[in-house]
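This structure is a prediction, so every number in the text was calculated from the model and none was measured. Proteins get letters first, then strands, A, B, ... in listed order; numbering begins at 1 in each.
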Number of protein chains: 2
Amino acid sequence: MVETDVSANSRLTVAAHALTWIGLYQRRGHEVATSEQIATSVNTNPVVIRRLLAELRKAGLADSQRGAGAGWMLVRDLETITLLDVYQAIDPGPIFALHRARPNPECVVGNGIGPAMTAVYDEVEAALRGELAKTTLEDVLRDVLKTA
Amino acid sequence: MVETDVSANSRLTVAAHALTWIGLYQRRGHEVATSEQIATSVNTNPVVIRRLLAELRKAGLADSQRGAGAGWMLVRDLETITLLDVYQAIDPGPIFALHRARPNPECVVGNGIGPAMTAVYDEVEAALRGELAKTTLEDVLRDVLKTA
DNA sequence: GTCGTTGTAACGATTAGTGTTACAACCAGG
DNA sequence: CCTGGTTGTAACACTAATCGTTACAACGAC
(Lines give C-alpha, C1' and ligand atoms only; values in the text may rest on other atoms or scores of the structure.)
Protein backbone atom coordinates (compact mmCIF):
# COMPACT_ATOMS: atom_id res chain seq x y z
CA MET A 1 0.00 0.00 0.00
CA VAL A 2 1.35 3.41 -0.93
CA GLU A 3 1.44 5.94 1.87
CA THR A 4 1.72 9.68 1.47
CA ASP A 5 3.79 10.44 4.54
CA VAL A 6 3.79 9.65 8.20
CA SER A 7 4.86 11.19 11.48
CA ALA A 8 1.93 12.31 13.60
CA ASN A 9 -1.14 10.78 15.07
CA SER A 10 -4.03 9.93 12.79
CA ARG A 11 -6.05 8.17 15.46
CA LEU A 12 -8.34 11.11 16.11
CA THR A 13 -8.93 11.56 12.40
CA VAL A 14 -9.83 7.92 11.88
CA ALA A 15 -12.00 7.79 14.98
CA ALA A 16 -13.96 10.87 13.91
CA HIS A 17 -14.24 9.47 10.41
CA ALA A 18 -15.60 6.17 11.64
CA LEU A 19 -18.18 7.69 13.97
CA THR A 20 -19.32 10.18 11.37
CA TRP A 21 -19.66 7.40 8.82
CA ILE A 22 -21.75 5.31 11.18
CA GLY A 23 -23.91 8.30 12.00
CA LEU A 24 -24.62 9.09 8.37
CA TYR A 25 -25.24 5.44 7.56
CA GLN A 26 -27.75 5.13 10.37
CA ARG A 27 -29.49 8.30 9.28
CA ARG A 28 -30.01 6.66 5.94
CA GLY A 29 -31.98 3.91 7.63
CA HIS A 30 -29.43 1.24 8.37
CA GLU A 31 -29.22 -0.44 11.74
CA VAL A 32 -25.53 -1.16 11.97
CA ALA A 33 -22.32 -0.62 10.06
CA THR A 34 -19.63 -3.25 9.66
CA SER A 35 -15.95 -2.65 10.22
CA GLU A 36 -15.46 -3.76 6.63
CA GLN A 37 -17.64 -0.96 5.30
CA ILE A 38 -16.00 1.64 7.48
CA ALA A 39 -12.54 0.38 6.55
CA THR A 40 -13.40 0.77 2.88
CA SER A 41 -14.26 4.42 3.43
CA VAL A 42 -11.19 5.05 5.60
CA ASN A 43 -9.01 2.99 3.26
CA THR A 44 -7.45 0.77 5.88
CA ASN A 45 -7.79 -2.67 7.38
CA PRO A 46 -11.00 -3.65 9.22
CA VAL A 47 -8.98 -4.72 12.24
CA VAL A 48 -7.68 -1.18 12.64
CA ILE A 49 -11.28 0.02 12.74
CA ARG A 50 -12.36 -2.65 15.22
CA ARG A 51 -9.46 -1.84 17.53
CA LEU A 52 -10.27 1.84 17.48
CA LEU A 53 -14.03 1.40 17.85
CA ALA A 54 -13.39 -0.91 20.80
CA GLU A 55 -11.83 2.05 22.59
CA LEU A 56 -14.76 4.26 21.67
CA ARG A 57 -17.11 1.63 23.03
CA LYS A 58 -15.29 1.69 26.36
CA ALA A 59 -15.95 5.42 26.46
CA GLY A 60 -19.65 4.93 25.74
CA LEU A 61 -19.64 6.50 22.31
CA ALA A 62 -20.24 3.39 20.19
CA ASP A 63 -21.51 -0.12 20.66
CA SER A 64 -21.32 -3.36 18.72
CA GLN A 65 -23.32 -6.48 18.11
CA ARG A 66 -21.78 -9.81 17.29
CA GLY A 67 -22.92 -12.57 15.00
CA ALA A 68 -24.19 -12.63 11.45
CA GLY A 69 -25.60 -9.35 10.19
CA ALA A 70 -24.10 -7.55 13.14
CA GLY A 71 -21.89 -4.46 13.30
CA TRP A 72 -21.43 -1.11 14.95
CA MET A 73 -23.82 1.65 15.98
CA LEU A 74 -23.71 4.96 17.78
CA VAL A 75 -24.75 5.21 21.40
CA ARG A 76 -25.15 8.97 21.35
CA ASP A 77 -26.28 11.24 18.56
CA LEU A 78 -23.70 13.07 16.48
CA GLU A 79 -24.77 16.41 17.95
CA THR A 80 -23.90 15.32 21.46
CA ILE A 81 -20.42 14.04 20.67
CA THR A 82 -17.61 16.58 20.59
CA LEU A 83 -14.14 15.98 19.23
CA LEU A 84 -12.98 16.31 22.83
CA ASP A 85 -15.11 13.28 23.71
CA VAL A 86 -13.47 11.35 20.89
CA TYR A 87 -10.03 12.62 21.84
CA GLN A 88 -10.39 11.50 25.43
CA ALA A 89 -11.86 8.19 24.35
CA ILE A 90 -8.76 7.23 22.44
CA ASP A 91 -6.67 8.25 25.44
CA PRO A 92 -3.77 10.04 23.81
CA GLY A 93 -0.70 10.55 25.92
CA PRO A 94 0.42 14.05 26.84
CA ILE A 95 1.49 16.32 23.99
CA PHE A 96 4.73 17.23 25.71
CA ALA A 97 6.92 15.23 28.04
CA LEU A 98 9.40 16.22 30.67
CA HIS A 99 12.92 14.83 30.62
CA ARG A 100 13.43 11.12 29.97
CA ALA A 101 15.89 10.95 32.82
CA ARG A 102 15.49 13.14 35.90
CA PRO A 103 17.59 16.28 35.49
CA ASN A 104 20.34 17.08 37.98
CA PRO A 105 18.61 18.06 41.25
CA GLU A 106 21.77 19.76 42.52
CA CYS A 107 21.42 22.31 39.72
CA VAL A 108 18.97 25.14 40.31
CA VAL A 109 17.59 24.88 36.81
CA GLY A 110 17.58 21.09 36.82
CA ASN A 111 15.68 21.15 40.05
CA GLY A 112 13.02 23.69 39.18
CA ILE A 113 12.44 23.25 35.48
CA GLY A 114 10.07 20.31 35.88
CA PRO A 115 7.32 22.12 37.82
CA ALA A 116 7.78 25.24 35.70
CA MET A 117 7.23 23.41 32.42
CA THR A 118 4.45 21.25 33.83
CA ALA A 119 2.47 24.38 34.67
CA VAL A 120 2.77 25.59 31.10
CA TYR A 121 1.98 22.22 29.59
CA ASP A 122 -1.16 21.93 31.69
CA GLU A 123 -2.39 25.23 30.30
CA VAL A 124 -1.57 24.19 26.76
CA GLU A 125 -3.46 20.92 27.06
CA ALA A 126 -6.41 22.74 28.57
CA ALA A 127 -6.47 25.12 25.61
CA LEU A 128 -6.24 22.20 23.22
CA ARG A 129 -9.14 20.44 24.88
CA GLY A 130 -11.12 23.65 24.85
CA GLU A 131 -10.72 23.91 21.10
CA LEU A 132 -11.69 20.29 20.50
CA ALA A 133 -14.78 20.75 22.65
CA LYS A 134 -16.05 23.46 20.31
CA THR A 135 -16.72 21.06 17.46
CA THR A 136 -19.30 18.28 17.46
CA LEU A 137 -19.45 15.40 15.03
CA GLU A 138 -22.62 17.01 13.70
CA ASP A 139 -20.49 20.02 12.79
CA VAL A 140 -18.01 17.70 11.13
CA LEU A 141 -20.73 15.96 9.14
CA ARG A 142 -22.18 19.29 8.05
CA ASP A 143 -18.75 20.38 6.88
CA VAL A 144 -18.25 17.05 5.11
CA LEU A 145 -21.54 17.35 3.23
CA LYS A 146 -20.65 20.89 2.25
CA THR A 147 -17.51 19.64 0.51
CA ALA A 148 -19.42 17.05 -1.49
CA MET B 1 20.99 4.81 32.24
CA VAL B 2 17.68 4.28 33.98
CA GLU B 3 14.71 5.97 32.37
CA THR B 4 11.44 6.76 34.03
CA ASP B 5 9.11 6.30 31.09
CA VAL B 6 8.82 7.42 27.52
CA SER B 7 6.16 8.18 24.93
CA ALA B 8 5.90 11.90 24.24
CA ASN B 9 8.14 14.63 23.08
CA SER B 10 10.67 16.06 25.50
CA ARG B 11 12.42 18.23 22.93
CA LEU B 12 10.68 21.44 24.00
CA THR B 13 11.47 20.72 27.63
CA VAL B 14 15.15 20.12 26.95
CA ALA B 15 15.42 23.12 24.64
CA ALA B 16 13.85 25.44 27.22
CA HIS B 17 16.05 23.92 29.90
CA ALA B 18 19.22 24.49 27.88
CA LEU B 19 18.42 28.10 26.98
CA THR B 20 17.40 28.94 30.53
CA TRP B 21 20.60 27.39 31.85
CA ILE B 22 22.73 29.40 29.45
CA GLY B 23 20.86 32.57 30.36
CA LEU B 24 21.37 32.09 34.08
CA TYR B 25 25.02 31.14 33.58
CA GLN B 26 25.66 34.26 31.53
CA ARG B 27 23.94 36.42 34.14
CA ARG B 28 26.42 35.10 36.63
CA GLY B 29 29.24 36.55 34.57
CA HIS B 30 30.27 33.73 32.28
CA GLU B 31 30.80 34.24 28.58
CA VAL B 32 29.79 30.88 27.19
CA ALA B 33 28.40 27.55 28.35
CA THR B 34 29.63 24.20 27.07
CA SER B 35 27.38 21.41 25.92
CA GLU B 36 29.04 19.30 28.59
CA GLN B 37 27.87 21.60 31.37
CA ILE B 38 24.36 21.84 29.99
CA ALA B 39 24.20 18.09 29.52
CA THR B 40 25.14 17.59 33.17
CA SER B 41 22.19 19.73 34.26
CA VAL B 42 19.79 18.07 31.82
CA ASN B 43 21.23 14.63 32.61
CA THR B 44 21.82 13.52 29.06
CA ASN B 45 24.59 13.24 26.50
CA PRO B 46 26.37 16.40 25.26
CA VAL B 47 25.67 15.41 21.66
CA VAL B 48 21.95 15.58 22.33
CA ILE B 49 22.43 19.14 23.55
CA ARG B 50 24.59 20.13 20.59
CA ARG B 51 22.07 18.72 18.14
CA LEU B 52 19.22 20.60 19.76
CA LEU B 53 21.16 23.86 20.14
CA ALA B 54 22.14 23.66 16.48
CA GLU B 55 18.43 23.91 15.63
CA LEU B 56 18.00 26.84 17.99
CA ARG B 57 20.97 28.52 16.36
CA LYS B 58 19.30 28.20 12.96
CA ALA B 59 16.33 30.03 14.44
CA GLY B 60 18.52 32.82 15.75
CA LEU B 61 18.02 32.05 19.43
CA ALA B 62 21.50 30.80 20.29
CA ASP B 63 24.98 30.92 18.86
CA SER B 64 28.19 28.97 19.32
CA GLN B 65 31.92 29.47 19.15
CA ARG B 66 34.35 26.74 18.24
CA GLY B 67 37.80 26.00 19.56
CA ALA B 68 39.26 25.78 23.03
CA GLY B 69 37.34 27.65 25.72
CA ALA B 70 34.40 27.99 23.37
CA GLY B 71 30.76 27.13 23.89
CA TRP B 72 27.21 28.43 23.58
CA MET B 73 25.61 31.78 24.27
CA LEU B 74 22.23 33.43 23.88
CA VAL B 75 21.56 35.76 20.98
CA ARG B 76 18.48 37.33 22.54
CA ASP B 77 17.67 37.99 26.16
CA LEU B 78 15.49 35.56 28.09
CA GLU B 79 12.70 38.12 28.30
CA THR B 80 12.39 38.32 24.53
CA ILE B 81 12.20 34.57 23.92
CA THR B 82 8.81 32.93 24.28
CA LEU B 83 8.17 29.22 24.43
CA LEU B 84 6.50 29.62 21.05
CA ASP B 85 9.83 30.83 19.64
CA VAL B 86 11.50 27.74 21.04
CA TYR B 87 8.68 25.49 19.84
CA GLN B 88 8.92 26.78 16.30
CA ALA B 89 12.70 26.60 16.37
CA ILE B 90 12.67 22.86 17.00
CA ASP B 91 10.15 22.50 14.19
CA PRO B 92 7.77 19.97 15.63
CA GLY B 93 5.50 18.22 13.19
CA PRO B 94 1.76 18.70 13.40
CA ILE B 95 0.03 17.46 16.52
CA PHE B 96 -2.57 15.57 14.52
CA ALA B 97 -2.32 13.90 11.15
CA LEU B 98 -4.88 13.04 8.54
CA HIS B 99 -5.15 9.50 7.18
CA ARG B 100 -1.97 7.63 6.30
CA ALA B 101 -3.56 6.54 3.05
CA ARG B 102 -6.03 8.73 1.22
CA PRO B 103 -9.57 7.77 2.19
CA ASN B 104 -12.04 6.58 -0.41
CA PRO B 105 -12.93 9.62 -2.55
CA GLU B 106 -16.08 7.91 -3.83
CA CYS B 107 -17.48 7.98 -0.32
CA VAL B 108 -19.05 11.24 0.82
CA VAL B 109 -17.39 11.04 4.20
CA GLY B 110 -14.10 9.82 2.81
CA ASN B 111 -14.11 12.70 0.40
CA GLY B 112 -14.96 15.50 2.78
CA ILE B 113 -13.44 14.46 6.07
CA GLY B 114 -9.97 15.73 5.25
CA PRO B 115 -10.83 19.43 4.84
CA ALA B 116 -13.23 19.25 7.78
CA MET B 117 -10.61 17.90 10.16
CA THR B 118 -7.90 20.14 8.80
CA ALA B 119 -9.97 23.19 9.69
CA VAL B 120 -10.30 21.99 13.26
CA TYR B 121 -6.65 21.03 13.57
CA ASP B 122 -5.58 24.44 12.36
CA GLU B 123 -7.60 26.06 15.12
CA VAL B 124 -6.19 23.69 17.71
CA GLU B 125 -2.62 24.40 16.69
CA ALA B 126 -3.31 28.12 16.73
CA ALA B 127 -4.63 27.84 20.27
CA LEU B 128 -1.59 25.80 21.28
CA ARG B 129 0.76 28.37 19.84
CA GLY B 130 -1.18 31.13 21.55
CA GLU B 131 -0.65 29.49 24.90
CA LEU B 132 3.06 28.94 24.32
CA ALA B 133 3.44 32.58 23.32
CA LYS B 134 2.22 33.68 26.73
CA THR B 135 5.31 32.44 28.54
CA THR B 136 8.83 33.78 28.12
CA LEU B 137 12.00 32.09 29.24
CA GLU B 138 12.29 34.87 31.81
CA ASP B 139 8.98 33.66 33.24
CA VAL B 140 10.35 30.13 33.25
CA LEU B 141 13.52 31.22 35.04
CA ARG B 142 11.53 33.15 37.61
CA ASP B 143 9.40 30.07 38.25
CA VAL B 144 12.51 27.92 38.46
CA LEU B 145 14.14 30.18 41.05
CA LYS B 146 10.92 30.18 43.05
CA THR B 147 11.09 26.40 43.36
CA ALA B 148 14.66 26.49 44.64
C1' DG C 1 -25.55 -25.91 11.91
C1' DT C 2 -23.98 -22.38 8.98
C1' DC C 3 -22.13 -18.21 7.92
C1' DG C 4 -21.00 -13.50 8.65
C1' DT C 5 -19.28 -10.65 12.02
C1' DT C 6 -16.74 -9.08 16.09
C1' DG C 7 -12.68 -9.88 19.48
C1' DT C 8 -8.09 -10.22 19.90
C1' DA C 9 -3.51 -12.13 19.76
C1' DA C 10 0.65 -12.14 17.17
C1' DC C 11 4.00 -10.42 14.12
C1' DG C 12 6.51 -7.33 10.86
C1' DA C 13 7.35 -2.69 9.06
C1' DT C 14 7.91 2.10 9.63
C1' DT C 15 8.94 6.23 12.10
C1' DA C 16 10.59 9.47 15.74
C1' DG C 17 13.33 10.30 19.40
C1' DT C 18 17.17 9.32 22.28
C1' DG C 19 21.74 7.82 23.77
C1' DT C 20 26.31 6.68 22.48
C1' DT C 21 30.82 6.36 20.06
C1' DA C 22 33.91 8.17 16.92
C1' DC C 23 36.33 11.46 14.64
C1' DA C 24 37.01 15.62 11.77
C1' DA C 25 37.07 20.73 12.11
C1' DC C 26 38.18 24.53 14.51
C1' DC C 27 40.64 27.96 17.30
C1' DA C 28 42.52 30.36 21.70
C1' DG C 29 46.64 30.30 24.06
C1' DG C 30 51.19 29.27 24.78
C1' DC D 1 53.36 26.20 14.99
C1' DC D 2 51.57 22.89 18.57
C1' DT D 3 48.38 21.50 21.88
C1' DG D 4 44.18 20.74 23.98
C1' DG D 5 39.43 21.71 24.56
C1' DT D 6 35.26 22.31 22.11
C1' DT D 7 31.86 22.16 18.42
C1' DG D 8 29.95 19.57 14.13
C1' DT D 9 28.17 15.62 12.52
C1' DA D 10 27.87 10.96 10.87
C1' DA D 11 26.78 6.38 12.25
C1' DC D 12 24.57 2.98 14.82
C1' DA D 13 21.67 0.65 18.45
C1' DC D 14 17.69 0.89 21.26
C1' DT D 15 12.93 1.95 22.67
C1' DA D 16 8.27 2.97 21.87
C1' DA D 17 4.08 4.07 19.15
C1' DT D 18 1.28 3.31 15.26
C1' DC D 19 -0.21 0.78 11.57
C1' DG D 20 -1.15 -3.11 8.48
C1' DT D 21 -1.82 -7.86 8.16
C1' DT D 22 -2.90 -12.78 9.10
C1' DA D 23 -5.08 -15.98 11.81
C1' DC D 24 -8.46 -17.88 14.45
C1' DA D 25 -11.71 -18.16 18.40
C1' DA D 26 -16.29 -16.47 19.98
C1' DC D 27 -20.67 -15.25 19.00
C1' DG D 28 -25.40 -15.14 17.30
C1' DA D 29 -29.20 -14.41 13.56
C1' DC D 30 -31.29 -17.32 10.58
Side-chain angles (χ1 to χ4, degrees), chain A residues 1-15 18 22 30-40 42-58 62-73 90-101 103, chain B residues 1-15 18 22 30-40 42-58 62-73 90-101 103:
Chain A
M1 187 177 292
V2 181
E3 269 110 49
T4 53
D5 93 319
V6 189
S7 75
N9 228 354
S10 65
R11 284 161 56 82
L12 180 57
T13 300
V14 175
I22 298 171
H30 302 275
E31 289 278 340
V32 296
T34 69
S35 60
E36 175 89 34
Q37 294 171 315
I38 301 167
T40 297
V42 173
N43 190 14
T44 186
N45 193 291
V47 174
V48 173
I49 300 299
R50 293 205 288 269
R51 277 196 296 228
L52 204 44
L53 285 178
E55 298 186 55
L56 300 176
R57 181 180 49 209
K58 279 183 210 158
D63 202 1
S64 62
Q65 288 172 356
R66 301 179 71 162
W72 296 84
M73 70 208 75
I90 62 180
D91 190 31
I95 304 290
F96 300 111
L98 296 184
H99 311 66
R100 288 168 71 97
Chain B
M1 188 177 289
V2 182
E3 271 112 47
T4 52
D5 91 317
V6 189
S7 76
N9 227 354
S10 64
R11 283 160 56 81
L12 180 57
T13 300
V14 175
I22 298 172
H30 302 275
E31 289 278 341
V32 296
T34 69
S35 61
E36 174 90 32
Q37 295 171 314
I38 301 167
T40 297
V42 173
N43 189 16
T44 186
N45 192 291
V47 174
V48 174
I49 300 299
R50 293 205 288 269
R51 276 195 298 228
L52 204 44
L53 285 178
E55 298 187 55
L56 300 176
R57 180 180 49 208
K58 278 183 211 158
D63 202 2
S64 62
Q65 289 172 356
R66 300 178 71 160
W72 295 85
M73 69 209 74
I90 61 179
D91 191 31
I95 303 290
F96 300 112
L98 295 185
H99 312 67
R100 290 168 69 97

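Rounded to an integer number of Å, the gap from CD1 of B:I22 to C1' of D:dT6 is 14 Å. At whole-Å resolution of the value, CG in B:N43 and P in C:dG19 are 8 Å apart. Remark: P of C:dT6 and CG of A:D63 are 12 Å apart, rounded to the nearest angstrom. Here the C1' atom of nucleotide D:dC19 and the CG atom of B:L98 are 16 Å apart, to the nearest Å. In this entry the distance linking CG of A:L52 with C1' of D:dT18 reads 11 Å, nearest Å. The CD atom of A:E31 sits 17 Å away from the C1' atom of C:dG4 (whole-angstrom rounding). Atom CE of A:M73 is separated from atom P of C:dT5 by 14 Å (rounded to the nearest Å). Rounded to whole Å, atom C1' of C:dT18 lies 16 Å from atom CG of B:L12.
When the side-chain contact (heavy atoms from CB on, under 4.5 Å) test is applied to B:E36, the partners found at least two apart in sequence or on another chain are B:T34, B:P46. With sequence neighbours excluded, no residue satisfies salt bridge (Lys or Arg N to Asp or Glu O under 4.0 Å) with A:R50. Remark: B:A33 pairs with B:W21, B:I22, B:Y25, B:Q37, B:I38 by the side-chain contact (heavy atoms from CB on, under 4.5 Å) rule, at least two apart or across chains. By the side chain to side chain donor-acceptor pair (under 3.5 Å) test, A:T40 pairs with no residue at all, sequence neighbours left out. Among residues two or more places apart in sequence or in another chain, the side chain to side chain donor-acceptor pair (under 3.5 Å) test is passed with A:Q65 by none. Considering only residues two or more places apart in sequence or on other chains, A:R57 meets the side-chain contact (heavy atoms from CB on, under 4.5 Å) condition with A:A54, A:D63, A:S64, A:W72.
One finds no side-chain N or O of B:S64 lying less than 4.0 angstrom from the OP1 or OP2 phosphate oxygen of D:dT7. Taking side-chain N and O atoms only, B:S10 has no distance below 4.0 Å to OP1 or OP2 of C:dG17. The phosphate of C:dG17 (OP1 or OP2) has a side-chain N or O of B:N9 nearer than 4.0 angstrom. Look at A:T34 and you won't find any side-chain N or O under 4.0 angstrom from OP1 or OP2 of C:dT5. Taking 4.0 angstrom as the limit, B:S35 places a side-chain polar atom (N or O) nearer than this to OP1 or OP2 of D:dT7.
When heavy atoms are screened at a 4.0 angstrom cut-off, A:Q65 is found touching the sugar-phosphate backbone but no base atom.
Put simply, the side chain of B:T13 gets close to the backbone of A:A97: a donor and an acceptor are under 3.5 Å apart.
Here the shortest heavy-atom pairing between A:V32 and A:G69 reads CG2-O, 3.8 Å. Summarising the geometry of A:A101 relative to A:H99, their closest heavy-atom pair is O-CB, 3.1 Å, with the distance given to 0.1 Å.
When the nearest nucleotides of DNA chain C are assigned to A:R51 and A:A70 by heavy-atom distance, the more 5′-ward of the two goes with A:A70. Each of A:W72 and B:P92 has a nearest nucleotide on DNA chain C; the 5'-most of these lies closest to A:W72.
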Nucleotide-resolved protein contact map, nucleotides 21-30 of chain C, B/S/- at heavy-atom distance under 4.0 Å: BB--BBBS--
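Note that the two end axes of the helix from C:dG1-D:dC30 to C:dG30-D:dC1 enclose an angle of 10°, each drawn from 5 base pairs, rounded to 10 degrees.
Residue-to-nucleotide contacts include no donor-acceptor pair under 3.5 Å from the side chain of A:R57 to the base of C:dG7.
Of the residues B:V42, B:I90, B:V47, B:L12, the one that meets the side-chain contact (heavy atoms from CB on, under 4.5 Å) test with B:L52 is B:I90.
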